[in-house]
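In what follows, a structure is listed as structure tokens, so that the remarks can point back to it.
Throughout, residue positions are numbered sequentially from 1 according to the sequence presented. Model, not experiment: these values are computed from the prediction.
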Amino acid sequence: MKLGERVTRGAMLGRIGFSGPTGPYHLHFDISLTDALLKDPGDWPQLDLARLKTDYVDPAMFIRAHRPSR
């Protein structure tokens, strides 16, 4: 996917990576309406709730708000 590209239902957004011989294996993605992830793609504020509320949005709420009607 490219910046600004519209995601369609069923589109591949990522792949599960290898994090070591025993895992854990997971896919993680974040939605940010700021440039936090452009500056640092690995950014994650941990337990800094003020930063979470400033730089990130709840993925489920974002998807519900932006999902096109059928």
Side-chain angles (χ1 to χ4, degrees):
M1 303 297 310
K2 296 177 185 166
L3 180 63
E5 187 175 350
R6 182 174 280 270
V7 176
T8 58
R9 188 179 300 262
M12 182 185 300
L13 300 179
R15 295 176 190 236
I16 296 174
F18 180 72
S19 62
T22 60
Y25 305 99
H26 68 281
L27 177 63
H28 181 92
F29 74 96
D30 300 305
I31 298 174
S32 176
L33 302 179
T34 70
D35 64 354
L37 293 169
L38 291 174
K39 291 181 193 174
D40 178 10
D43 180 63
W44 184 245
Q46 302 296 327
L47 299 177
D48 184 344
L49 295 179
R51 277 238 22 248
L52 279 169
K53 290 178 181 179
T54 300
D55 291 334
Y56 294 89
V57 296
D58 179 323
M61 291 176 65
F62 182 87
I63 290 167
R64 275 194 296 274
H66 294 86
R67 177 174 283 156
S69 58
R70 292 183 180 216

query: Cluster partners of Leu37, using ILVMFWY side-chain heavy atoms under 4.5 angstrom, listed by chain and number?
result: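 Members other than Leu37 - counting any ILVMFWY side chain reachable under 4.5 Å - are Trp44, Leu49, Leu52, Tyr56.
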- prompt: If you link I, L, V, M, F, W and Y whenever their side-chain heavy atoms are under 4.5 Å apart, who else ends up in the same group as Leu47?
  reply: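 The other cluster members (ILVMFWY side chains, heavy atoms under 4.5 Å, direct or chained): none.
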Can you give each donor-acceptor pair under 3.5 Å made by side-chain atoms of residues 61-68, sequence neighbours left out, with the distance rounded to 0.1 Å?
| from | atom 1 | to | atom 2 | distance (Å) |
| --- | --- | --- | --- | --- |
| His66 | ND1 | Phe62 | O | 2.8 |

message: Among residues at least two apart in sequence or on other chains, which ones pass salt bridge (charged side-chain N to carboxylate O under 4.0 Å, His left out) with Lys53?
response: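 None.
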message: Can you list everything that forms a salt bridge (charged side-chain N to carboxylate O under 4.0 Å, His left out) with Asp40? Sequence neighbours excluded, please.
response: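 With sequence neighbours excluded, Asp40 shows a salt bridge (charged side-chain N to carboxylate O under 4.0 Å, His left out) to no residue whatsoever.
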- request: Evaluate the side-chain contact (heavy atoms from CB on, under 4.5 Å) criterion for residues Asp43 and Arg51: first the C-alpha distance (whole Å), next the side-chain angles of each, then the deciding distance (0.1 Å), finally the verdict.
  value: CA-CA 11 Å; Asp43 180 63; Arg51 277 238 22 248; 2.6 Å; yes
- prompt: Mind checking what makes side chain to side chain donor-acceptor pair (under 3.5 Å) contact with Asp30, not counting sequence neighbours?
  reply: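 Partners of Asp30 by the side chain to side chain donor-acceptor pair (under 3.5 Å) criterion, ordered by chain and then number, come out as His28.
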task: State which residues pass side chain to side chain donor-acceptor pair (under 3.5 Å) with Ser32; sequence neighbours excluded, sorted by chain then number.
output: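 Expected list: Thr34.
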